[in-house]
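Taking it in order: structure first as structure tokens, then the write-up.
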Amino acid sequence: MDDGFDYDDIRGSVEKHLAKDNLGWIQIVTECFEDIKARCDNEEKTYPSVSQIKQKYGALRIYLGCAIEDPFIQSSLEEAVRKADRSCKRCGNVSRPQCIGFWYANLCCWHAHEAAVERLKKFPEAGLNLRSKSAALQCRSCGYLGQIAWGVSGHRCPACVSKGW
Ligand SMILES: [Zn+2]
Ligand SMILES: [Zn+2]
């Protein structure tokens, strides 16, 4: 894969690093680098080179090829990482990192189900976030951590409610 990052095609470059279906995070990182590009244009500085943008343990990591001294650029990057920490990487819905088997990913309940069906042979019996202890915010059917549909459904995530699990 070509790791080149082209400031004339920021979105396309971000897609190459994060994979095309991660639309939620692609949007966050694209906006971040558009801000950085505008900042560099205004200040007549060269664009910082990007070596890698990826997910690690459910968190967004952005690695640049150089040290950044501009506080605006630093805070733009930190803000993108914070936003990604609260957003499904697939769709941008509010979410938090989930443990799917031995794999961590920040996914909303819908996309966590999709990933779990692919990765766990016995989902939902196998369950998500098996080591988690914050049961108050955990779906009683699938183990999803985060959004719970309170009410008659009895403490389940919206995806389990809609599937009748
Ligand atoms: Zn999602
Ligand atoms: Zn659930």
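Whatever order the structure lists ligands and atoms in, that order sets their numbers, starting from 1. We count residues from 1, following the sequence as given. Only this structure's heavy atoms are used, side chains among them; waters, hydrogens and symmetry mates stay out.
For the Zn ion (ligand 1), the N/O/S atoms of C91 include one lying under 2.8 Å. Distance check for C160 against the Zn ion (ligand 2): an N/O/S atom falls below 2.8 Å. For residue H113, no N/O/S atom approaches the Zn ion (ligand 2) to within less than 2.8 Å.
Between SG of C157 and SG of C139, the angle at the Zn ion (ligand 2) works out to 120°, rounded to 10 degrees. Around the Zn ion (ligand 1), the two atoms SG of C108 and SG of C88 are separated by an angle of 110°, to 10 degrees.
The heavy-atom pair separating W103 from L107 by the smallest distance is CZ3-CD1, 4.3 Å.
Looking at S76, its side chain never comes within 3.5 Å of a backbone N or O of C32 through a donor-acceptor pair. In terms of modelled atom types and a separation under 3.5 Å, the side chain of Q98 and the main chain of L145 share a donor-acceptor contact.
Tested against E15, the residues N22, D9, I26 include a single side chain to side chain contact (heavy atoms under 4.5 Å, CB included) partner, I26.
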Could you go through F5 and F33, starting from their C-alpha distance and side-chain angles, then the distance that decides it, and tell me whether this counts as ring pair (Phe, Tyr, Trp, His ring centres under 6.0 Å)?
CA-CA 10 Å; F5 191 95; F33 278 99; 4.9 Å; yes

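Considering just the N/O/S atoms of H111, the one nearest the Zn ion (ligand 1) carries the name ND1.
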